[in-house]
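None of the values given here were measured: they were computed from a predicted structure. In what follows, residues are counted from 1 in the order of the sequence shown.
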Amino acid sequence: MCTSFMGELMTATHNFGVAPTRGTSAADTFKAALYLASATINASTTVYTATGEVSGSGYAAGGVAVTNATPPTATNSSATAGVAFFTPSASLTYTTVTLATAFDTVLIYNSSQSNKAVSVHTFGSQTITAGTFTLTMPSNTTTTALLRLSTT
């Protein structure tokens with residue numbers, strides 16, 4: 001999770017919900033951009049940047065839209081601490097792309113809120129030629145969700 005994102009949660013900057021919470025008519029739009037293995041994208045990243053982003057046939061700068069049909073969930077019980085969690089409702093899929101330079105990072109960011117960074121996720125170094133690259137999302141549970149906040 002990006003450090004700036006954690007602070008922005010306290011100011012209601014990001015709306016992952018399907019029901020508006022800030023008086024807007026819709027949830028925010030989130031995107032996922034891919035970055036080269038040589039790029040410096042990490043928890044200190046505050047906004048989407050094109051610097052170090054992959055480029056190639058079929059890849060649009062800024063990445064793909066994150067499907068956000070499942071609102072965040074929060075749980076609490078006497079046996080466990082409270083946990084809030086969210087996972088995109090569909091895998092991140094980049095279709096018919098050729099990315100010849102090694103990449104290993106995805107940045108999820110809020111394009112509705114000045115491209116503010118949400119989280120950075122790394123995976124093994126990849127290249128792809130005229131194919132589909134898919135990042136499969138984990139189950140949306142308290143222990144495996146893509147984004148998790150805990151009171152412990």
Side-chain angles (χ1 to χ4, degrees), residues 1-37 39-54 59-95 97 99 102-126 128 131-152:
M1 216 176 288
C2 294
T3 305
S4 58
F5 170 73
M6 290 187 286
E8 291 160 359
L9 287 175
M10 303 302 257
T11 60
T13 300
H14 303 277
N15 181 2
F16 286 89
V18 292
T21 58
R22 289 188 315 260
T24 61
S25 60
D28 290 338
T29 298
F30 294 86
K31 295 188 86 178
L34 295 173
Y35 287 87
L36 300 171
T40 305
I41 300 293
N42 53 41
S44 65
T45 300
T46 59
V47 295
Y48 159 80
T49 178
T51 303
E53 186 176 13
V54 300
Y59 181 85
V64 297
V66 173
T67 304
N68 186 17
T70 305
T73 303
T75 63
N76 195 1
S77 73
S78 59
T80 62
V83 178
F85 55 97
F86 168 79
T87 297
S89 55
S91 295
L92 305 176
T93 303
Y94 306 81
T95 56
V97 294
L99 304 171
F103 62 97
D104 68 354
T105 304
V106 63
L107 169 69
I108 296 178
Y109 67 96
N110 188 337
S111 64
S112 298
Q113 300 297 322
S114 304
N115 294 329
K116 292 181 183 295
V118 172
S119 59
V120 174
H121 306 273
T122 57
F123 44 86
S125 183
Q126 306 285 316
I128 188 167
T132 297
F133 178 71
T134 301
L135 288 168
T136 303
M137 293 297 103
S139 298
N140 193 37
T141 70
T142 58
T143 58
T144 60
L146 192 65
L147 297 175
R148 296 181 307 273
L149 300 171
S150 176
T151 58
T152 59

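- By the 4.5 Å heavy-atom criterion applied to side chains, Cys2 and Thr46 are not counted as neighbours.
- A distance of 6.0 Å or more separates the ring centres of Tyr59 and Phe133.
- Here the closest heavy-atom approach between residue Thr93 and residue Val64 is recorded as O-CG1, 3.6 Å.
- Although no hydrogens or angles enter the test, the distance criterion places no donor-acceptor pair under 3.5 Å between the side chain of Asp104 and the main chain of Thr122.
- When each of Ile108, Leu92, Thr105, Leu135 is paired with His121, the side chain to side chain contact (heavy atoms under 4.5 Å, CB included) condition holds for Ile108 and for no other.
- Closest non-hydrogen pair, Glu53 versus Ala33, comes out as OE2-CB, 3.6 Å.
- Of the residues Leu146, Leu147, Thr67, the one that meets the side chain to side chain contact (heavy atoms under 4.5 Å, CB included) test with Pro88 is Leu146.
- The minimum heavy-atom distance between Tyr94 and Leu34, with the atom names listed, is CZ-CG, 3.7 Å.
- Note: Phe30 CZ to Gln113 CD = 8.0 Å, rounded to the nearest 0.5 Å.
- Contact detail for Thr29 and Ser112: the closest heavy-atom pair is N-OG, 2.7 Å.
- Residues Glu8 and His14 bring a donor and an acceptor atom of their side chains to less than 3.5 Å of each other.
- No side-chain heavy atom of Thr142 sits less than 4.5 Å from a side-chain heavy atom of Arg148.
- Side chain of Ser139 to backbone of Thr144: no donor-acceptor contact under 3.5 angstrom is found.
- Asn110 has its side chain out of reach of Phe5: every pair of non-hydrogen atoms, C-beta onward, lies at least 4.5 Å apart.
- Judged by distance alone, the side chain of Tyr109 and the main-chain N or O of Thr49 form no donor-acceptor pair under 3.5 Å.
- Between Ala117 and Leu107, the shortest heavy-atom distance links the atoms CB-CD1, 3.9 Å.
- Considering every non-hydrogen atom in both Tyr35 and Thr51, the closest pair reads CE2-O, 3.6 Å.
- Under a 3.5 Å cut-off, the side chain of Tyr48 and the backbone N or O of Lys31 do not form any donor-acceptor pair.
- The shortest side-chain heavy-atom distance between Met1 and Leu149 falls under the 4.5 Å cut-off.
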